[in-house]
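These notes are about the structure you will find just below.
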Amino acid sequence: MENDAPSIGILGLETHGTNYAEVLTALDCPPVCGADADPTARREFRERFDATTYENLSDLLEADLDAVIVCTPTKFHEPTATAALEHGLDVFLETPLSHDLESAENIAAVAEKTDNICMVGFYERFRNICDVTKSYIEEGYFGEIIHIHGKFVRRRGVPGRGTWYTSKDIAGGGALMDIGGHLLDLLLYFLEWPELSDIMATSRSDFGHHKDYSYIYMWGDDGDAKMYDVEDSVTAFCQFDTDTTATIEVAWATNTESEHSYTIRGTEAGAFLDLTDTLPEVEPVPDRRNHLELYEARSNGTDHFVNSDVVAPSNYAYHDELRMFIDAVRSGDRPEANNIHQGLAVQRIIDEIYRAGTDD
């Protein structure tokens, strides 16, 4: 392949597909075509991006493409991604990898068989402050990491009630499958991808299925509670083969302030990584955006504590993530970040948490 921009198509032209198209355009790699069964979505996409549109996947695959970005409802990730991979195309999948573990494993198997690139869109780790946190871990600043507490909760954030987002059959799950995948990806990334050795979990559905669900902000259009058979919160305790433990809180709706954070406890130091201000329903606070605070205890002079604020420049993580995908498609080299193996590792933990949360 020459060093010009690769030819990329988008499957699924609703909000996610449009967002990716905007980023591709900003990166001087605009989508050349897209596909969606909805004629309105096709028309709006065609007019907005001056791109050819198709009604189905088969027509999209016949276009002269190097790669596709898959933004379909989760249940359809497997048939679309595997068809694209077998057609010789590289694939970028909106999270999660798939709606269940078996389907995710099938995607991974086809990616291995075809040797094509298959990335999963866990964009959070591309934030500069997450990269800084990872560098402190790698240099041994924290010593041995004993425990991480990950929390990703929204005061009111059930997406599109009554749509496919709240259907277990189509989405595969609720809050854990949606925002929980991002939390687990960052947690496993910080811990160098350990294997799970034990788990306790509880899933609950207390808010989204009520007709009088009260909200101010919502991602997606609010329908009603007729199709709502997923969880809106999960709490889990995980033990890994490294003896590190983790607690996980995930919720689409809670009666508390929204929060996205990671508390790291190590033998030499600790940290609090706060990504809360990146949530759409939270008013940004300039000096707290992408905030990392480090905690130490020192004995020089009088024993004392040291708390350090780490300031990193903000960046648009979506841009950096898709830039990596574009570069990988151009070079043909599989990226180390967000690869199919890591996406599958996240899916396996999700599956374990769901099974632990439903065991009698």
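Everything numeric here is computed off the predicted structure, so don't read it as measured data.
In this structure, F207 has its ring center at least 6.0 angstrom away from the ring center of H209.
In this structure, the side chains of H182 and R125 stay at 4.5 Å or more apart for every pair of heavy atoms. For the pair F240/D198, no side-chain contact is recorded, criterion being any heavy-atom separation below 4.5 Å from C-beta on.
Side-chain atoms of T276 and D274 include a donor-acceptor pair closer than 3.5 Å. Using modelled atom types and a 3.5 Å distance limit, the side chains of E231 and Y354 yield a donor-acceptor pair. For the residue pair E296 / H304, no side-chain donor-acceptor distance below 3.5 Å is found, with atom types taken as modelled. A donor and an acceptor atom, one from each side chain of E94 and Y20, are located under 3.5 Å apart. With hydrogens and angles left out, the side-chain atoms of R46 and T53 include a donor and acceptor closer than 3.5 Å. Side chain to side chain, N338 and E321 meet the donor-acceptor criterion of an N or O pair below 3.5 Å.
Of all heavy-atom pairs between I10 and G17, the closest is CD1-O, 3.5 Å. The shortest heavy-atom contact between D4 and R330 is O-NE, 3.2 Å.
Applying the side-chain contact (heavy atoms from CB on, under 4.5 Å) criterion to K151, with sequence neighbours excluded, gives H149, V153, E249, E259, S261.
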